[in-house]
Amino acid sequence: MSTRSNAVIVRNLCKNFGETPILRNVSFSVSQGEAVVIVGASGSGKSTCLRCINRLEEPTSGTILISGKEISGPVIDIDAMRRRVGMVFQHINLYPHLSAIGNVTLALRFVAGMNRKAAREQGMAYLEMVGLGDRAEARPHELSGGQQQRVGIARAMAMKPDVMLFDEPTSALDPELVGEVLGVLEKTKDAGMTMILVTHEMQFAREVADRVIFMDKGSILAEGTPQAVLDENEGERVQAFLRRVRH
Amino acid sequence: MEQLGHYFFNFASLADSWGDIARAFGTTILVSILTLLLGIPLGFVLALIRLYATSRNRFLALVRFVLVFYADFFRCVPQLVVIVVIFFALPYAGLSLTPIASTVIGVGIVLSAFAEEVFWAAIIRVPKGQWEAGRSSGLGYVATLFIVILPQAAKMSVAPLTNRGLAASKATTLGSVVAVPDLLSVTSSIQSAQANPTALTVGAILFVVLFMPLVWLCRVLERRMETA
Amino acid sequence: MNEIISNFFNVGVVVQVWPLLMRGLGYTLLLTVVCLPLSVALALALACVSDTSSRPLRTVIALIVDFFRAIPPLVLLIFLFYALPLANIDIPQFAAAAIALVLNNASYFTEIFRSGLAAVPVGQREAARSSGMSWTKTMALVVAPQGVRNVLPDAIGNGVELFKQTAIVSAVSIQELLRAAQIAQGMAFNPSPLIAAALVYFLIAWPLMRLSSRLEHRAISR
């Protein structure tokens, strides 16, 4: 595993909101094709950590490298970096004034500069991959929450990023809709995408993740295989957390 | 830069005119206040009449139609046109009004049309359940209206009314077109007489000083409605 | 009754002066068609810049907008028309009128668009930016379309206000519709042209005002 190149390297990441430290010296790396799940209680800093990777939050200090290039410096082209990093949001954030295919192709046309036909072809391929090829012209409000999030995943994937970030992708969904999204996430992992997920879905973490990182109060407390971190870990805080979260 | 001062801020040239300017400023304020005193209560009364006229009586249906037409018409016609019609056309019907009266009535009527719409929109926004609650506790129609409904409608009306009131107050400068000796017409005359724009600059500054607090009040009220 | 008709609704007089009135209407519409896009563009730009900016810049923009909301449009017009030439700054008539109208109207549009943009959720900006979209493209493709749609009724209403505001340029003797009607009245010694002009304003503004109301009711009931 260590012979695969590192897709994402995070070194000594610190983030303060005003005087309050949210992230304290967080360091980890993600190899290409790996699926890493970050878990922890609310306030542990896991979402902030994820959002620092594509600089939706600005790190206070530390280094972040994506595909070998440093992206945490002050002078880098943030837009160019974000083309290579896809993000899926807890609140989905589909563009309500565009159809499903419109959502998927917007960045293809206006960021990647593809022409309308090529963008549509590529976009449709990803919509079909998430099982919504037949709803391409539907508007977001005509789709269920689960369907919307699947479109959200297709939207991010269509840009063919180096790494995909998932910020609690199923937390805002009704329980019966969670399964269809987890199914798509498994497919994404099987297709070889490098993924970093923040989630509360422990069963999913056990089945799909290559590695689990447990964060608490801004630091990494435990890191390793799902079994090592979730099932065999004797640590008090991990146990307390697992007791509070279902399955 | 000096040129700017000589042209626009040549206060010395105004030495004799400050009295006229002060009087004109007073006229502007007076006309604005009269307009507000006419337009807003009139709009309120019209909204109440419209509320009363919502029954299946043929006469009342006509009243409602006339009211809606009045509100629509005077929101579509420019204020200056209304003033000009009152001042120049009504004399043909034997009704000659002074410049100030024409301006107050003209802008006041337009304000009343907007005010009626604002009050009406606010009244129908008060949930039906409020009416039911009031009536079922034994309050009569009028009592329910004044004790339960109108206070809630008033809260919703304040922001848009302030906006409209500000617009009407500024519109009183249109009176200068029919020779009301307001701040605009007086400073404008002084400017022509002296061939120096300082007078109008002073007038403009005074207008801004007069209306800026109202603009800020509008901003505060609009923000409060946004976050509500 | 007959007197009222022959004085105020005299069809004969109106027919005679109709060409004059129509020329005036043409000027009114020209002013509207020129000023409206300029006003919208200026306001949208200011609102977008204000949306993303630091507090100081937002305050400066707000102050400028408030200044042009506070100053009566006629004062602004007369200033541009008569005061500037006295300081040896000459602007062509149409330009002076257009500038006064645009500055006044854009100040209202800026407030309208600002509140429309503010109502677009932050997540929309995040989604667009995180796909690599630049700030300008994010505004143009994602935020502004939603923001403008949010405030469409108010925006249409403000457009109608601009159309009505053109009447103030009659005060500097520009021959738009109101001035034309006043001239016609002087020629015919009959105020019917004024009434006719009022009706023309009404007939043009009314459908747009109704449209704005209908959009507003649809938005509330959604």
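Side chains are part of it too, since the values below use all heavy atoms of this structure and drop only hydrogens, waters and symmetry mates. Sequence lines set the chain letters: A, B, ... in the order given, protein chains first and strands last, and positions in each chain run from 1.
With a 4.5 angstrom heavy-atom cutoff, V65(C) touches chain B only via side-chain atoms. For I168(C), the parts lying near chain B are the backbone and the side chain together; criterion is any non-hydrogen pair under 4.5 Å. For L63(C), the parts lying near chain B are the backbone and the side chain together; criterion is any non-hydrogen pair under 4.5 Å. For V75(C), the parts sitting under 4.5 Å from any heavy atom of chain B are the backbone and the side chain alike. Residue A119(C) does not touch chain B at all, counting heavy-atom pairs closer than 4.5 Å. For chain B, no part of F163(C) is nearby; none of its heavy atoms comes within less than 4.5 Å.
Considering only heavy atoms from C-beta on, V77(B) stays 4.5 Å or farther from L199(C) through its side chain. For the pair L74(C)/L184(B), a side-chain contact is recorded, criterion being any heavy-atom separation below 4.5 Å from C-beta on.
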Applying side chain to side chain contact (heavy atoms under 4.5 Å, CB included) to L194(C) and V81(B), what does each step give before you reach the verdict? CA-CA 8 Å; L194(C) 285 177; V81(B) 173; over 6 Å; no

Could you please show the donor-acceptor pairs under 3.5 angstrom between chain B and chain C, with distances rounded to 0.1 Å?
{"residue": "Y7(B)", "atom": "OH", "partner": "N88(C)", "partner atom": "ND2", "Å": "2.8"}
{"residue": "D72(B)", "atom": "OD1", "partner": "R210(C)", "partner atom": "NH2", "Å": "3.3"}
{"residue": "D72(B)", "atom": "OD2", "partner": "W206(C)", "partner atom": "NE1", "Å": "2.9"}
{"residue": "D72(B)", "atom": "OD2", "partner": "R210(C)", "partner atom": "NE", "Å": "3.4"}
{"residue": "D72(B)", "atom": "OD2", "partner": "R210(C)", "partner atom": "NH2", "Å": "3.2"}
{"residue": "R75(B)", "atom": "O", "partner": "K164(C)", "partner atom": "NZ", "Å": "2.7"}
{"residue": "Y92(B)", "atom": "O", "partner": "N7(C)", "partner atom": "ND2", "Å": "3.2"}
{"residue": "Y92(B)", "atom": "OH", "partner": "F189(C)", "partner atom": "O", "Å": "3.3"}
{"residue": "K170(B)", "atom": "NZ", "partner": "R69(C)", "partner atom": "O", "Å": "2.6"}
{"residue": "K170(B)", "atom": "NZ", "partner": "Y108(C)", "partner atom": "OH", "Å": "3.0"}
{"residue": "W216(B)", "atom": "NE1", "partner": "D66(C)", "partner atom": "OD2", "Å": "3.2"}
{"residue": "R219(B)", "atom": "NE", "partner": "D66(C)", "partner atom": "OD1", "Å": "3.0"}
{"residue": "R219(B)", "atom": "NE", "partner": "D66(C)", "partner atom": "OD2", "Å": "3.1"}
{"residue": "R219(B)", "atom": "NH1", "partner": "E111(C)", "partner atom": "OE2", "Å": "3.2"}
{"residue": "R219(B)", "atom": "NH2", "partner": "D66(C)", "partner atom": "OD1", "Å": "3.1"}
{"residue": "R219(B)", "atom": "NH2", "partner": "E111(C)", "partner atom": "OE2", "Å": "3.1"}
{"residue": "E226(B)", "atom": "OE2", "partner": "R114(C)", "partner atom": "NH2", "Å": "3.3"}

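Annotation: maximal heavy-atom pairing with chain C below 4.5 Å, among V82(B), V84(B), V85(B), I205(B), occurs at V84(B). When the candidates P78(B), A167(B), A204(B) are compared by the number of heavy-atom contacts under 4.5 Å with chain C, P78(B) comes out ahead. Ranked by heavy-atom pairs under 4.5 Å with chain B, the list A197(C), A83(C), P85(C) is led by A83(C).
Between F73(B) and F202(C), the ring-plane angle classifies as tilted under the 30° and 60° cut-offs.
The number of heavy atoms from other shown groups lying within 6.0 Å of CZ (F65(B)) does not exceed 12.
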